[in-house]
Amino acid sequence: MTDWAALVPLKQGVESKSRLRDALEPAERMALASAMAARVMTCLSKVDAINSLYCLAPTVVPEWPSHWLPDSGGGLNPELEGARAQLGNRPLLVIHADLPHLTVEDVQVLLAAANDCGCAFAPDRHGRGTNAVAIRDADPFRFAFGQDSLMSHRQQRPAAAIVERASLGFDVDTPADLAELQDISRQGKTEILTCAFLPKERCGRNDPGHSARQSENQGGSVDETERGRAQQHACCGDDASLGI
Ligand SMILES: Nc1nc2c(ncn2[C@@H]2O[C@H](COP(=O)(O)OP(=O)(O)OP(=O)(O)O)[C@@H](O)[C@H]2O)c(=O)[nH]1
Ligand SMILES: O=C(O)[C@H](O)COP(=O)(O)O
């Protein structure tokens with residue numbers, strides 16, 4: 001089935017990734033949040049089962065291949081409920097923007113499970129939070145993102161599939177998560193090049209390729225094709241298919 005909409009909520013500005021405030025400067029937190037979100041958007045844009053992609057955020061990001069749903073400041077869960085209603089309670093994937101290792105296969109597996117069970121949840125790697133919710137049916141659902149959200153989500157949908165995958169479960173919330181991401185980045189095992197937007201002294205190594213990667217990262221990981229597509233979609237307020 002290819003009738004899924006995907007919705008990525010994004011906090012912007014200096015409050016982005018506030019739990020990293022002891023590890024990163026505000027501009028660095030915003031750059032990290034934006035790089036991770038760009039990667040999530042790019043990944044979602046490659047999933048055939050998704051025919052519309054939305055970003056729920058206070059301001060539009062024209063470079064991304066998504067429609068903008070303005071966040072009016074009501075808080076994450078009420079905003080998501082409003083967005084789901086606005087989208088007509090259609091099959092909806094809500095997925096967080098802070099998943100640097102997300103793969104197309106992760107999303108395909110999650111949506112296939114939701115097609116089978118009506119609903120699927122992706123826990124965070126601690127088994128307490130929820131990194132993604134896929135709801136196929138139009139029945140009421142109260143988003144409960146926040147502490148121990150998985151329990152609350154499961155109580156509402158006991159028959160939901162639980163999809164546990166390492167790449168889907170890794171979100172970047174704490175300085176320890178960030179340190180892990182930086183390690184992986186240094187080993188070249190992720191497309192999120194922390195060295196590309198963190199100052200050299202925060203990279204943890206003296207890297208001659210640092211400056212080149214900094215300019216490379218300016219547009220996140222959105223390639224030229226996707227940039228063109230983003231421009232095309234930045235101007236549509238309707239539910240046009242991404243046509244991917
Ligand atoms: N649109 C919108 N997105 C939000 C809001 N709060 C959190 N998010 C997004 O929801 C997802 C999960 O966010 P959290 O990890 O709980 O919060 P965060 O803002 O990323 O980080 P912290 O400030 O450290 O809690 C991320 O994609 C956030 O950008 C909100 O009020 N509005
Ligand atoms: O429900 C959740 O898991 C929260 O919205 C996000 O939790 P975390 O970002 O603290 O994992």
Side-chain angles (χ1 to χ4, degrees), residues 5-45 50 53-61 63-87 92-102 106-107 110 121-135 141-153 167-182 192 194 197 220-222:
L7 174 60
V8 180
L10 180 66
K11 198 200 276 185
Q12 295 168 312
V14 292
E15 284 310 308
S16 298
K17 290 284 134 215
S18 58
R19 281 170 283 176
L20 298 179
R21 59 164 62 97
D22 290 341
L24 298 177
E25 299 298 329
E28 295 166 356
R29 281 190 276 116
M30 289 192 275
L32 172 65
S34 176
M36 293 194 293
R39 163 142 178 85
V40 168
M41 289 293 178
T42 300
C43 180
L44 295 171
S45 72
I50 295 171
L53 180 52
Y54 298 88
C55 179
L56 172 70
T59 62
V60 66
V61 184
E63 296 80 22
W64 289 349
S66 55
H67 304 286
W68 175 47
L69 295 181
D71 180 323
S72 46
L76 177 58
N77 294 313
E79 291 288 331
L80 286 173
E81 269 156 49
R84 183 173 179 235
Q86 196 180 331
L87 297 177
L92 181 67
L93 166 67
V94 172
I95 186 159
H96 288 179
D98 57 355
L99 309 178
H101 306 322
L102 186 72
D106 287 335
V107 182
L110 184 72
F121 301 132
D124 67 10
R125 61 186 173 152
H126 311 291
R128 304 187 74 142
T130 317
N131 285 349
V133 168
I135 314 175
F141 184 78
R142 197 174 39 76
F143 292 101
F145 291 111
Q147 219 168 4
D148 293 333
S149 64
L150 185 64
M151 189 190 296
S152 168
H153 289 147
S167 41
L168 185 55
F170 182 85
D171 56 351
V172 179
D173 291 328
T174 63
D177 298 330
L178 177 65
E180 204 170 315
L181 178 65
Q182 285 180 295
I192 301 289
T194 51
F197 54 85
S221 49
V222 179

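One-based numbering, in listed order, for ligands and for the atoms of each. Below, each value reflects all heavy atoms present in this structure, side chains not excepted, and no hydrogens, waters or symmetry copies. Note that the structure is a prediction, hence the values are computed from the model and not measured.
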Completion exercise
Nearest heavy atom to atom 32 (N) of ligand 1, choosing from L7, L76, D71, belongs to D71
Problem - Cationic N near anionic O, under 4.0 Å, E15 to R21 - result: yes
Fill in the blank from the handout: Across all chains, not counting sequence neighbours, the side chain to side chain contact (heavy atoms under 4.5 Å, CB included) partners of P123 are L150, I162, E164
Practice task
Would you mind running through ligand 1 and noting each atom that sits below 4.0 Å from a heavy atom of L10?
Solution key: 1 (N), 2 (C), 3 (N), 29 (O)
Exercise for the section: Indicate yes or no: does an N/O atom of L20 lie under 3.5 Å from an N/O atom of ligand 1? Expected result: no
Problem - Nearest option to atom 20 (O) of ligand 1, as decided by whichever heavy atom of Q147, K17, H96, R19 sits closest - result: K17
Handout entry: ligand 1 contact by E79, heavy-atom criterion under 4.0 angstrom
Key = no
Practice task
For the residue pair F145 and H153, categorise the inter-ring angle as parallel (less than 30°), tilted (30 to 60°) or perpendicular (more than 60°).
Solution key: perpendicular
Exercise for the section: State the atoms of ligand 1, each with its element, that fall below the 4.0 Å cut-off from a heavy-atom position in S18. Expected result: 22 (P), 23 (O), 24 (O)
Exercise for the section: Can you sort out which atoms of ligand 1 are near D173, meaning under 4.0 Å from one of its heavy atoms? Expected result: 15 (O)
Exercise for the section: With heavy atoms of E15 as the reference, note each atom of ligand 1 found under 4.0 Å away. Expected result: 23 (O)
Problem - Under 3.5 Å: N/O of L56 near N/O of ligand 1 - result: yes
Handout entry: Contact (N/O only, under 3.5 Å) between P9 and ligand 1
Key = yes
Practice task
Kindly write out the residues that satisfy salt bridge (charged side-chain N to carboxylate O under 4.0 Å, His left out) with E180, not counting sequence neighbours, or none if the list is empty.
Solution key: R125
Handout entry: Atoms in ligand 1 flagged as close to D98, the criterion being non-hydrogen separation under 4.0 Å
Key = 15 (O)
Practice task
Rounded to the nearest 0.5 Å, what's the gap from CG on L76 to CG on L10? Could you check?
Solution key: 10.5 Å
Exercise for the section: Taking the side chain as every heavy atom from C-beta outward, state whether D124 and H96 have any pair of such atoms under 4.5 Å apart. Expected result: no
Handout entry: E25 side chain near M30 side chain, heavy-atom distance below 4.5 Å
Key = no
Completion exercise
Min over M36, Q12, K11, R21 of heavy-atom distance to atom 7 (C) of ligand 1 lands on K11
Exercise for the section: Report the C-alpha distance between L44 and V40 in whole Å, list the side-chain angles of each, state the deciding distance to 0.1 Å, and finish with yes or no for side chain to side chain contact (heavy atoms under 4.5 Å, CB included). Expected result: CA-CA 6 Å; L44 295 171; V40 168; 3.9 Å; yes
